[in-house]
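One structure is given below, encoded as structure tokens.
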There are 2 protein chains.
Amino acid sequence: MSSSESRERVLDVAEKLFSTYGYATVKLKDIAKALGMRQASLYYHAPGGKEELYLEVMRRNMQRHRQGLEEAIAQADDWQSQLQAVAYWFLSQPPMDFTRMIHSDLRAVHPEHAQHLIHITYEAVLQPIEQIFERCQAAGDIRAVDIKLLTGAFLSLIQAVHSVPQQWTNRSKEEMADEVLDILLHGLTA
Amino acid sequence: MSSSESRERVLDVAEKLFSTYGYATVKLKDIAKALGMRQASLYYHAPGGKEELYLEVMRRNMQRHRQGLEEAIAQADDWQSQLQAVAYWFLSQPPMDFTRMIHSDLRAVHPEHAQHLIHITYEAVLQPIEQIFERCQAAGDIRAVDIKLLTGAFLSLIQAVHSVPQQWTNRSKEEMADEVLDILLHGLTA
DNA sequence: GTTACCTTACCTAATTTTTGTTAGTTATTA
DNA sequence: TAATAACTAACAAAAATTAGGTAAGGTAAC
């Protein structure tokens, strides 16, 4: 395995753990264990320590989201398929918990880094989705609503589906996302 | 201050912190600091230590939710006001993050206690809301949907509103909850 | 009503455990 | 044989926990 491949592997594992459990819950030991190595060996791949590893992981994560969302949106032709594509994209990725990130995880990092991460998060994930809704609204496809609120609601719904323990249901996450999306578009009373 | 009053105060403070930041992020030092006492003094009020304090806090929390939801629902006459009352109830309480609780916080407690907490959570908060939707569905007020999924979606929407940093908006949480609820009921395309 | 003695609600200081980090060593491989 | 990618062991810092002390306030005995 090449150097950059094994570094990617470290970032992948760390990302999955940090995304699922949050910064404070995940110990370096957990990451090392998941990688099949000793805690100290992590410092070969991540010499900057835990906080810097978290930041690298999240920056790469946001980078990938920007790319993935852009492609997902570009390839869908109408706005409803765009929303579905975005939903499926998130379901294919490690869970992204904004609430925990903002209120909990980011308190562990230096304020300037936290601020920067919030900024790139906005550009990478919030903005692309806001733009879908803005285009919808301009075209008259959806009624007048607070776009930022709607974007937050949309994301929260997808992540709620994402976080349903697989053992609690016999449906696939995509099925559930479709149903939730349908409710969002046409309402409960339709 | 009476003995039970000051104990309640400890539980109140611990609840707010645990609910907002999660189990691992909150250190006993943080709780002590918020109470204006030394870390070691916490052991006078919570001799069982951190894990047991967390469990007591969450059990009391669920107890209160059961009560509060029951009253909120009983006092509203139609189902739409019931949903609004439930939303407002949650906004009046410390945030409840199921995803974090299940995937993260509960990993720190003994499995049997975790199981029990999941159970009382279901009875105290999931069930009352499911019952609203079931009655709606039976009465034909809403169309056929997966009730458990709908309940999760509803809760996730409310908590998303609850977690919006007040500085990011000039609207009240109740306003935002009303708008989100309206979208849920009538859809984006209405 | 003052002395003795409890209890309450903290405190400081020390200890233990967990977590993060550094140093120095070794096997593998390009 | 030099770089890579691990390892063990030690160390440091943070977090949880325990031990033991004390000041304030109540209560019973004298």
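Because the structure is a prediction, the values reported are computed rather than measured.
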Practice problem: Look at atom CD of B/Q115 and say whether more than 12 heavy atoms of other residues, nucleotides or ligands are closer to it than 6.0 Å. | Solution: no
Could you state the atom-to-atom distance from [atom1] of [X] to [atom2] of [N] in whole Å?
X     : N      : atom1 : atom2 : value
A/I31 : D/dA6  : CD1   : C1'   : 17 Å
B/L53 : D/dA15 : CG    : P     : 17 Å
B/R38 : C/dA13 : CZ    : P     : 9 Å
B/H45 : C/dT8  : NE2   : P     : 12 Å
B/L42 : D/dA15 : CG    : C1'   : 13 Å
B/Y21 : D/dA15 : OH    : P     : 15 Å
B/Y54 : D/dT17 : OH    : P     : 15 Å
B/M37 : D/dA16 : CE    : C1'   : 17 Å

List every contact pair, protein side and nucleotides 19-24 of chain C side both N or O, where the distance is under 3.5 Å.
| residue | atom | partner | partner atom | Å |
| --- | --- | --- | --- | --- |
| C/dG20 | OP1 | A/K50 | NZ | 2.7 |
| C/dG20 | OP2 | A/L28 | N | 2.7 |
| C/dG20 | N7 | A/Q39 | OE1 | 3.3 |
| C/dT21 | OP2 | A/Y43 | OH | 2.6 |
| C/dT21 | OP2 | A/K50 | N | 3.0 |
| C/dT21 | O5' | A/Y43 | OH | 2.9 |

Self-check item: Salt bridge present between A/R171 and B/D146 (N-O < 4.0 angstrom)
Solution: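 Result for this pair is yes, salt bridge flagged.
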Practice problem: In sequence, state the C-alpha distance, the side-chain angles, and the governing distance for B/H103 and B/F98, and then conclude on ring pair (Phe, Tyr, Trp, His ring centres under 6.0 Å). | Solution: CA-CA 8 Å; B/H103 290 94; B/F98 281 113; over 10 Å; no
Exercise. Would you indicate, yes or no, if D/dA5 has its OP1 or OP2 atom less than 4.0 angstrom from a side-chain nitrogen or oxygen of A/Y44?
Key: yes
Self-check item: side-chain N/O A/S41 vs D/dA5 OP1/OP2, d < 4.0 Å
Solution: no
Practice problem: Measure from the side-chain N and O atoms of A/Q159 to the backbone N and O of A/M96, and report whether any donor-acceptor pair falls under 3.5 Å. | Solution: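 Side chain of A/Q159 to backbone of A/M96, a donor-acceptor pair under 3.5 Å: yes, one is there.
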Exercise. Report yes or no: does A/Q137 contribute a side-chain atom to a donor-acceptor pair with the main-chain N or O of A/R143 at less than 3.5 Å?
Key: yes
Quiz prompt | Plane angle bin for B/Y23 and B/F18 - parallel if under 30°, tilted between 30 and 60°, otherwise perpendicular | solution = parallel
